[in-house]
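Right, one structure below, let's go through it.
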Amino acid sequence: MRELNPQKVFVQYRDTMKPYEPVMDRKYTITHSDITAELFVFVAKSYAEDQITKMRDEVRVAWEQYKKGLALFGSVIVDGSGVVGNAYIRNKIFYNEMPTALQALRQADRFLFNKEPNLDNTPVFIHFISSNPIYDKTYDFGVIGIYK
């Protein structure tokens, strides 16, 4: 996992979201700039649709009940109607860059994790959405705490 530059991570809290609460109903939209290498994390009750580009390279993540606790469930779009790019390449990039996106999420919402340290034990599952069964998979990226 490469080193994340915290000065390149920007967070915006929307709606009623605050840096410390609430945990449930918290949805993250993670985007980036290819030019500046900056990462943008939007924390809100709904995904930041206004930040979605035609490239469809955003990562969406939300807190959900899971077994006897919580989990972070997310998704990325590998291919489909209107999606630009080769599915093989997009899948590879999403998989290789997911640790960076998760580091950005953990960095952006560090006040929540500092207040609730047990949240670092939350498992992270990301669904790679594809019409091709080779790429349509859900990956276990471990617990969010490994991305601090």
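From a predicted model like this one, the values you see are computed outputs, not experimental measurements.
- Residue-environment remark: OH (Y95) stays at or below the threshold of 12 foreign heavy atoms within 6.0 Å.
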Decide side chain to side chain contact (heavy atoms under 4.5 Å, CB included) for N132 and V78; before the verdict, give the C-alpha distance in whole Å, the side-chain angles of both, and the deciding distance to 0.1 Å. CA-CA 9 Å; N132 184 332; V78 175; over 6 Å; no
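- Between F73 and Y66, the ring center distance clears the sub-6.0 Å criterion.
- F113 and W63 have tilted rings, their planes meeting at an angle from 30° to 60° on a 0 to 90° scale.
- Closest approach of F42 to T31, counting heavy atoms only: CE1-OG1, 3.8 Å.
- Counting all heavy atoms, side chain and backbone alike, I144 lies closest to L102 at CD1-O, 4.0 Å.
- Within a 6.0 Å radius of CZ in F10, more than 12 heavy atoms belonging to other residues, nucleotides or ligands are found.
- Evaluation of the side chain to side chain donor-acceptor pair (under 3.5 Å) rule for E64 yields no partner, not counting sequence neighbours.
- Counting non-hydrogen atoms of neighbouring residues, nucleotides and ligands closer than 6.0 angstrom, the CD atom of Q7 reaches no more than 12 such neighbours.
- Under a hydrophobic-cluster definition in which Ile, Leu, Val, Met, Phe, Trp and Tyr are linked whenever side-chain heavy atoms come within less than 4.5 Å, directly or via other members, Y47 and F125 are assigned to different clusters.
- The minimum heavy-atom distance linking D120 with K148 is given by the pair OD2-NZ, 3.5 Å.
- Annotation: side chain of D136 is in contact with side chain of H127 (closest heavy-atom distance under 4.5 Å).
- Between R26 and Y20 the shortest heavy-atom distance is NH2-N, 4.5 Å.
- For the pair Q107 and L4, the tightest heavy-atom approach, listed with the atom from each and the gap, is CB-CD2, 4.2 Å.
- Taking 4.0 Å as the cut-off between side-chain N and carboxylate O, K27 and D15 do not count as a salt-bridged pair.
- Scanning all heavy atoms of the two residues, the minimum distance from A104 to L39 falls at CB-CD1, 3.9 Å.
- R110 pairs by the side chain to side chain donor-acceptor pair (under 3.5 Å) definition with nothing, not counting sequence neighbours.
- L119 and I146 fall within a single hydrophobic cluster, where Ile, Leu, Val, Met, Phe, Trp and Tyr side chains are chained together by heavy-atom contacts under 4.5 Å.
- None of I126, V61, I129, V59 except one satisfies the side-chain contact (heavy atoms from CB on, under 4.5 Å) rule with S75; the exception is I129.
- Counted by atom type alone, D79 and Y135 present zero donor-acceptor pairs between their side chains at under 3.5 Å.
- Both V124 and M98 belong to a single network of hydrophobic side chains, linked directly or stepwise wherever heavy atoms of I, L, V, M, F, W or Y lie under 4.5 Å apart.
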